[in-house]
Amino acid sequence: MDRASIRSATTEDYSHTLVAPGTRAIALVDCNAFYASAERVFQPSIANHPTIVLSNNDGCVIARSAEAKALGIAMGAPFFKIKSLIRKENVVVFSSNYALYGDMSHRVVATLSQFAPDVEVYSIDEAFLDLTGFLDRDLTAYCREIKRTVQQWTGIPVGIGIAETKTLAKIANRLAKKSAKTGGVLNLVGTRYRTAALERTEVGDVWGIGRRYAAMLGLNGIKTALALANADDRWIRKKMGVVGLRTVFELRGIACIPLELAPPARQSCCCSRSFGNAVTTAGGLREAVASHVATAAAKIRRSGLAAGSVNVFISTNRFKPEDPQYSNAITLTVDVATHNGLALGRVARRAVDMIYRDGYAYKKAGVILLDLQPAAGVIGTLFDDPDPRGDAVMGAIDTINNRYGRSTIRLAAEGFGQPWQMRRTKLSPRYTTRISEVPVVKAS
DNA sequence: TCTGGGGTCCTAGGACCC
DNA sequence: TCTGGGGTCCTAGGACCC
């Protein structure tokens, strides 16, 4: 698509005159550099300053403001490798603060819900809107209004792409952000610009096409989204399965991926961390795993779920190939599905002891709770001895931690020094989620 | 010194059954 | 020695997403 046609596609929108009956309109709203934007909402003085947010453990870059991108800071860049650039360019750095981002995300979704009856919250910074009911309007103008309102109400800048399918809406969204001419909103519904949009989209940038498929397709001469849309169905089916074929249909404007208005019940719940300092003892590993299983158990309690099995995994530092390497994992089943942190902790500890080997420097451990099921429907075994006190204890722990912050109260098994805890040296304050200070309790 | 975390779905192959 | 056909369930691994 040349620049002139993008301009005319967005500034003079005749699209609604071309729309065929039965057409759907899906908008993808995507927050720009979401984590960095969320931090800047509360520090207006850095509004135009290069800003980045780091992953857990302050490991690598996971969000970059436009100014930071312009400096050449790559997504996923290890922090220690760009430290000198950061200093030189005076880049503002934050440790990730998911409590803040989750809260800001809710505000954005609440705003979007004012504009469309059906909203799918796709991720923390993206939502699909069903705008089919608004096809008689100028969708571009409508989405500009959405964009303006989100910015005004939440302080978060967004880009919006509109098309007949989710996969096309993703492409429209990407082009909307890439081309300043669009002003952040691009509508492909019923327009003749779809072909041009597909042509200027690399196949690896299509939603559902990852690195491996992009390489395989490239070797077979399919380098653009347009080429993929025109590929042979049977060949795609053979090479990429039904998922790949769905993507191809979506590129042709045939919707195969419905909006999911109610989030599907989650099937697993994972908590894992790299250690701030390597762990070399079984005791240290047990503590870390106890802490992770407590976190994961609290999460499933919040969702009213119980776990039927527990997977524990441990590994050494794969970035130090000169060190002896070892990683292992094991899944143990629980007699009776539970969300009790003590019961799950016992199983997890058994798992750790089964896979732990002496003589390694461990860098990471994690827990995955599996076979999740509604806690209300759990059926005990014949020899089951349910202990109602366990539930009461867990309930009390949740109440305290919800009010005063996570890990205000925790199990002794999680340890006290916790030398393995992750680094978060650049954490921003709890702008939106602080309820009150933890009171000092005096012994009497 | 320092390289994230949390998910989903599909497929192939093996075990087992009739 | 010859040696069917169909089905289910489970798991590991591979692919993808943000």
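Chain naming here is simple, since letters A, B, ... match the order of the sequence lines and numbering starts at 1 in each. Side chains included, hydrogens not; waters and symmetry mates left out as well; all remaining heavy atoms used. Bear in mind that the values here come from a model prediction, so they are computed numbers and not experimental data.
- Going from atom OH of A:Y98 over to atom P of B:dG7 covers 12 Å, rounded to whole Å.
- Sorted by residue number, the members of residues 357-369 of chain A with any non-hydrogen atom under 4.0 Å from DNA chain B read A:K363, A:K364.
- Of the side-chain N and O atoms in A:S274, one or more sit less than 4.0 angstrom from OP1 or OP2 of B:dG5.
- One atom, CZ of A:F319, and another, P of B:dT1, lie 15 Å apart when rounded to the nearest Å.
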Under a 4.0 Å heavy-atom criterion, the protein footprint on nucleotides 13-18 of chain C, written with B, S and -, is --SSSS
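- Of the possible donor and acceptor atoms, one in the side chain of A:N57 sits under 3.5 Å from a partner among the backbone N and O of A:S274.
- The shortest distance between the side-chain N/O atoms of A:R273 and the OP1/OP2 oxygens of B:dG6 is below 4.0 Å.
- Checking A:S55 against A:K299, the closest nucleotide of DNA chain B that is more toward the 5' end is the one next to A:S55.
- Spacing between atom CD of A:E322 and atom C1' of B:dT1 amounts to 13 Å, rounded to whole angstrom units.
- Side chain of A:N340 to backbone of A:L342: a donor-acceptor contact under 3.5 angstrom is found.
- In this structure, A:H292 contributes its side chain and A:S272 its backbone to no donor-acceptor pair below 3.5 Å.
- Going from atom NZ of A:K239 over to atom P of B:dA12 covers 13 Å, rounded to whole Å.
- Residue-level contact check: A:S268 touches the backbone only, with heavy atoms under 4.0 Å from sugar-phosphate atoms and none from bases.
- In summary, A:K178 and A:E202 do not engage in a salt bridge, as defined by a charged side-chain N under 4.0 Å from a carboxylate O.
- In this entry the distance linking CZ of A:R302 with P of B:dG6 reads 13 Å, nearest Å.
- Between the side chain of A:R64 and the backbone N or O of A:I73, at least one donor-acceptor pair lies under 3.5 Å.
- Proximity of residues 325-333 of chain A to DNA chain B (heavy atom under 4.0 angstrom from any strand atom) is not detected for any residue.
- For the ring pair (Phe, Tyr, Trp, His ring centres under 6.0 Å) test, residues two or more places apart in sequence or in another chain that qualify with A:Y35 are A:Y98, A:Y101.
- Side-chain atoms of A:T154 come within 3.5 Å of backbone atoms of A:I156 as a donor-acceptor pair (strictly under, hydrogens ignored).
- Nucleic acid contact for A:F79: none, since no nucleic acid atom lies under 4.0 Å from a heavy atom of the residue.
- Between A:I160 and the choices A:L112, A:L139, A:I146, the side chain to side chain contact (heavy atoms under 4.5 Å, CB included) rule is met once, by A:I146.
- Side-chain contact between A:V203 and A:Y213 is absent, with no heavy-atom pair separated by less than 4.5 Å.
- Using a cut-off of 4.0 Å between Lys/Arg side-chain N and Asp/Glu carboxylate O, A:R286 and A:D353 are scored as salt-bridged.
- Although no hydrogens or angles enter the test, the distance criterion places a donor-acceptor pair under 3.5 Å between the side chain of A:Q325 and the main chain of A:N317.
- When the nearest nucleotides of DNA chain B are assigned to A:P264 and A:R318 by heavy-atom distance, the more 5′-ward of the two goes with A:R318.
- Screening A:V185, A:L129, A:I162 against A:V29 for a side chain to side chain contact (heavy atoms under 4.5 Å, CB included) leaves a single residue, A:L129.
- Rounded to an integer number of Å, the gap from CE of A:M240 to P of B:dT11 is 12 Å.
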What pattern of brackets, bars and dots sums up DNA chain B from 5' to 3', given Watson-Crick or G-U wobble pairs under 3.5 Å, [ ] for crossing pairs and | for another strand? ....||||||||||||||
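- Formation of a donor-acceptor pair under 3.5 Å by the A:S105 side chain with backbone atoms of A:I124 is found in this model.
- Annotation: proximity of residues 242-255 of chain A to DNA chain B (heavy atom, distance under 4.0 Å) is found for A:V242, A:V243, A:R246, numbered in ascending order.
- Remark: side-chain polar atoms of A:S268 are not paired, donor with acceptor, to backbone N or O of A:L369 under 3.5 angstrom.
- Between A:Y122 and A:W207, the ring-plane angle classifies as perpendicular under the 30° and 60° cut-offs.
- If you measure from atom CZ of A:F80 to atom P of B:dC2, you get 8 Å, rounded to the nearest angstrom.
- Regarding A:N317, its CG atom lies at a distance of 12 Å from the P atom of B:dT1, rounded to whole Å.
- A distance of 8.5 Å separates CZ of A:R273 from OG of A:S291, quoted to the nearest 0.5 Å.
- You'll find that the side chain of A:R237 is closest to B:dT11, out of B:dG5, B:dC2, B:dT11.
- Judged purely by distance below 3.5 Å, without hydrogens or angles, the side chains of A:S309 and A:D371 pair a donor atom with an acceptor atom.
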